[in-house]
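Contents: one structure, followed by commentary.
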Amino acid sequence: MNLSFGSGTLRPGLRAVWTLAAVIATAPAWAATEVPVWHALKGHNAETFQDLVKAYNRSQSDVKVVVRDFETPEALDQALAVAAQSKKLPALAQIGGSHTLEEIARRSYVQPFHTLQKFPALKNTRWFVSTDNAFIRDAKGQLMAFPYMLEIPVMYYNQDAFKKAGLVPAVPQRTWMELQGQLVTLANNGSRKCPLTSDLPVSINLENLAAVNNQLYASADNGLKAKGLPSFSFDSTYVRHLALMISWVRSEIMVRPDAGMHSISRFAQGECAVLMSGSSHIGEFLAQRKLRYAVSGLPYYPEVTRKPGNPFVSGAGLWVMKADKPVTEATAAFLGWLSQPEQAARWHQQTGFLPLTQAAFDATPTDYYANLGQWRDLVAVYSGKAALTAQGFRIHNYPAIRARFHQILDSALNGQQPAVTALNTAAVEANNLVRQR
C-alpha cells in the first residue's frame, strides 16, 4: 500500500524531530547560581573589583556574581540588619575596621570563612598575612572572613615637592622631629598650602603611635588575652606627640586631619607634599599620571624605640553569609578564583591592599615596586611572625570608642584643650565604654 502525505501533514519521523525542538525551545535554560556581593569600596578600587567580577562571570557560566555597592560601610551594615530580618541576605558582604571580631562573628547570619576552606577551590591556599595577626583571625588563628581588603597606614610623599624644596635626599625622614624640619622647608618652598595632611587621626596619632613605637595600645596585651578587660592609659609619649601635632596645626605645617576624602583628593591633585593614610590609595594614585609619589613607613620616636615597629593591619574582609548549599558552593568557587595568583596579584598591584596570598606576592614583579619607595619592604614583613605589639587589638565597643577618640583629637587639634587634658578625658571615657554591655 502506498501511503501519501499531503503538504499539511508531517511525516512521523519529522513530527518527532519538531516536537523535540519545540520542547527544547520552550524549556527554561539552566540558570547560573547567583552570588550577591555587597561592598563599600570607592572610586578606583570599586572599579577594579567590578572589572574582576566581570572577568569571572565571563570565564564560566555556572555562577553569576552580582555586585551592589554602598556609599558607606555604615549604610551597608544597616542594610545587612534589614536583610537579615527579611531573609534576603547577600552571599558576601564587606565588613571590617571595627576591631570587634567576635561581635561580628556572633551575628546569626554570619558563617566563618574557614568553614569554606574545605572546598577544592580554597583548599591548601597559603594566605599572605601571618596566622598570628588578630585583625581577621580568631584566637585559634582561623580566618573569620576572606582577607581581601586588608591594608596598613603609610606615609605618601610627593617626589616633585621634595625636589622643588631642595631636600636631599628627597624622601621624608622617619622620625617625627626630623620630619618637622622637612615640613618647614616644604612650607617655605612651594607647599605652603599643604605640607602635611591625613584622614586617619585616630589611627596615626593613637593606635599606631603605639604599634610603630613597639608599645602596647591597651592593657591585657591589647585586649588579646582571654582574661581581664583591656584599658587605656595614655602616657607621656602620647602627650608629647599630641602637643607636637597641635603645634604643627598652629604653625600651619600640617592641615588639620579630616575623616573624609578631601585629604586624599588634595594629595592626588598634587596639592599636598605628605599624606598619612591607608595603603589602599596606592592604585588610585598610580592612576594619576601627573602625580609622582612614593611610599614610606610612619614616623617613630627614637627616644622610645631604636627601630620602628610595624603598624596594625586594618581594612575589611568579605564575610560569608549563611546560605543554602548551592550558593555556598558557588561562593567558594568565586573566592577560589579571586585567590588564584593572577587575580590576587592584580588586586594587590591595582589597589594597594596587602597581598591576599603568598603566591600573589611572589607573582608581583620587582618592577611594580621600583618607583614606590619602601612599599615592598613595608608589605613583606606581614607574611612573617608579628611582634605582640603589632598583632592587633580586640576591644569591646571599639567603634564607639574610636568615634569618641576622633572627637577629642579634633577638639585638641583645634586648640580647644591641651594635650594632657584631651588624653586624660579620652582614657577615662574609653575605659567606661569598654565596660558597657
Side-chain angles (χ1 to χ4, degrees), residues 23-24 26-41 46 49-70 73-98 100-125 127 136-150 315-340 343-344 347 356-357:
V23 170
I24 293 173
T26 57
W30 290 108
T33 302
E34 282 202 357
V35 174
V37 181
W38 292 2
H39 72 79
L41 294 166
F49 183 63
Q50 185 66 58
D51 288 345
L52 281 167
V53 168
K54 288 179 180 177
Y56 176 69
N57 285 340
R58 287 194 300 267
S59 72
Q60 46 74 55
S61 57
D62 295 330
V63 179
K64 182 180 180 182
V65 178
V66 181
V67 173
R68 179 182 175 188
D69 62 320
F70 290 80
E74 292 77 17
L76 190 157
D77 214 35
Q78 291 172 5
L80 277 177
V82 173
Q85 295 294 325
S86 62
K87 297 183 179 180
K88 294 182 179 179
L89 287 160
L92 293 165
Q94 176 189 347
I95 312 174
S98 66
T100 53
L101 188 75
E102 286 83 358
E103 292 174 32
I104 300 172
R106 282 197 296 268
R107 298 181 185 185
S108 61
Y109 52 83
V110 164
Q111 178 175 351
F113 169 70
H114 62 80
T115 62
L116 270 66
Q117 292 184 258
K118 63 186 177 183
F119 289 99
L122 292 164
K123 198 172 184 180
N124 300 322
T125 301
W127 308 105
I136 209 161
R137 293 179 181 270
D138 64 12
K140 297 179 181 178
Q142 300 176 120
L143 279 170
M144 299 303 290
F146 187 67
Y148 201 52
M149 300 148 182
L150 306 188
L318 285 174
W319 286 75
V320 181
M321 307 293 112
K322 291 178 181 176
D324 57 26
K325 187 176 180 180
V327 173
T328 300
E329 290 177 344
T331 300
F334 172 56
L335 296 180
W337 184 85
L338 290 178
S339 304
Q340 292 173 7
Q343 284 76 246
W347 178 247
L356 178 64
T357 63

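The structure presented is a predicted model; accordingly, all values stated were derived computationally and were not measured.
In terms of heavy atoms, Ala84 sits closest to Leu89 at N-CD2, 3.8 Å. Closest approach of Ala330 to Val63, counting heavy atoms only: CB-CG2, 3.7 Å. When every heavy atom of Ala344 is checked against every heavy atom of Ser339, the shortest pair comes out as CB-O, 4.0 Å. Minimum heavy-atom separation, Ser59 to Trp337: OG-NE1, 4.1 Å. In plain terms, the two heavy atoms of Ala333 and Ala121 that are nearest each other are CA-CB, 4.2 Å. Shown here for Ala316 and Leu150, the closest heavy-atom pair between the two residues is O-CD2, 3.6 Å.
Side-chain atoms of Pro90 and Val66, non-hydrogen and from C-beta on, never get closer than 4.5 Å to each other. In this structure, the side chains of Val320 and Pro112 stay at 4.5 Å or more apart for every pair of heavy atoms. Taking the side chain as every heavy atom from C-beta outward, Thr33 and Asp62 never approach each other to under 4.5 Å. Between Val35 and Lys64 there is no side-chain heavy-atom pair separated by less than 4.5 Å.
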>> I'd like to know whether Val37 forms a side chain to side chain contact (heavy atoms under 4.5 Å, CB included) with Val53, so could you lay out the CA-CA distance, the side-chain angles of the two residues, the decisive distance to 0.1 Å, and finally the verdict.
In response: CA-CA 10 Å; Val37 181; Val53 168; over 6 Å; no
> Step by step, would you call Trp127 with Arg137 a side chain to side chain contact (heavy atoms under 4.5 Å, CB included)?
Replying inline: CA-CA 12 Å; Trp127 308 105; Arg137 293 179 181 270; 3.9 Å; yes
>> Checking Phe113 against Leu318 for the side chain to side chain contact (heavy atoms under 4.5 Å, CB included) test, could you report, in this order, the C-alpha distance in whole Å, the side-chain angles of both residues, the deciding distance, and whether it holds?
In response: CA-CA 9 Å; Phe113 169 70; Leu318 285 174; over 6 Å; no
>> Please determine whether side chain to side chain contact (heavy atoms under 4.5 Å, CB included) holds for the pair Phe146 and Leu338, giving the CA-CA distance in whole Å, both sets of side-chain angles, and the decisive distance to 0.1 Å.
In response: CA-CA 10 Å; Phe146 187 67; Leu338 290 178; 4.1 Å; yes
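The side chain to side chain donor-acceptor pair (under 3.5 Å) analysis of residues 321-332, with sequence neighbours excluded, yields no pairs. Residues in residues 113-123 take part in these side chain to side chain donor-acceptor pair (under 3.5 Å) pairs, two or more places apart or across chains: Gln111-Thr115.
Residue Gln343 holds its CD atom at 7.0 Å from CG of Leu52, rounded to the nearest 0.5 Å. Here the CZ-CH2 distance, from Phe70 to Trp38, works out to 4.5 Å after rounding to the nearest 0.5 Å. Here Arg106 contributes atom CZ and Leu101 contributes atom CG; the two are 10.0 Å apart, rounded to the nearest 0.5 Å. Note that CD of Gln94 is 7.0 Å distant from CG of Leu76, once rounded to the nearest 0.5 Å. Atom CE of Met321 and atom CD1 of Ile95 lie 4.5 Å apart (nearest 0.5 Å).
The side-chain hydrogen bond (donor to acceptor under 3.5 Å, both in side chains) search around Arg107 returns Asp77, Tyr109, not counting sequence neighbours.
Between His39 and Phe49, the ring planes lie perpendicular to each other; the angle is over 60°, past the 30° to 60° tilted range.
Trp347 places a side-chain N or O within donor-acceptor distance of the main-chain N or O of Tyr148, the cut-off being under 3.5 Å.
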